[in-house]
Peer 1: 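Submitted below is the structure of interest, expressed as structure tokens.
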Amino acid sequence: MNTLTVMSNSASVNAQVNGRAPLVRLYLVRGVLAAVWAVAFAHAHDTLGAAAITLLVTYPLLDAVSSAVDYLSVPDGPEQRVQAGLLVWKVRRGVAQLRV
């Protein structure tokens with residue numbers, strides 16, 4: 001393996017990592033939001049008041065927005081179709097919780 005090949009492979013790996021940076025940030029934000037939501041719901045679930053209902057409705061909708069960002073970041077193909085299916089499912093779940 002020559003130096004040019006190693007440099008070329010290194011450049012392609014760096015390009016892939018840099019292209020995924022926004023998604024990594026999105027996943028970190030989703031994780032933090034999930035943790036904050038869990039703590040907030042742990043304190044609000046005793047009575048099914050306005051705070052608990054708000055938390056139950058907002059999390060699936062925030063998750064759907066994150067899935068929309070995922071969908072837009074994936075190139076056309078099978079991965080994008082999977083993301084589209086997840087997006088539809090998450091929106092339907094959020095809307096179903098609005099009816100409750």
Peer 1: Return the OG to CG distance between Ser66 and Leu87, rounded to the nearest 0.5 Å.
Peer 2: 10.5 Å
Peer 1: Determine, step by step, whether Val39 and His43 satisfy the side-chain contact (heavy atoms from CB on, under 4.5 Å) criterion, reporting the C-alpha distance in whole Å, the side-chain angles of both residues, the deciding distance to 0.1 Å, and the verdict.
Peer 2: CA-CA 7 Å; Val39 169; His43 293 290; 3.9 Å; yes
Peer 1: With side-chain contact (heavy atoms from CB on, under 4.5 Å) as the test, pick out the partner of Arg30 among Val69, Val65, Asp70.
Peer 2: Asp70
Peer 1: Whether the side chain of Gln80 engages the backbone of Tyr71 through a donor-acceptor N/O pair (distance < 3.5 Å, no angle test) should be reported.
Peer 2: yes
Peer 1: Linking I/L/V/M/F/W/Y whenever their side-chain heavy atoms sit closer than 4.5 Å, directly or via other members, would Tyr27 and Val29 fall into one cluster?
Peer 2: no
Peer 1: What's the spacing between Thr58 OG1 and Trp37 CH2 if we round to 0.5 Å?
Peer 2: 8.0 Å
Peer 1: Where is the tightest heavy-atom contact between Gln83 and Ser67, given as atom of each residue plus distance?
Peer 2: OE1-O, 4.1 Å
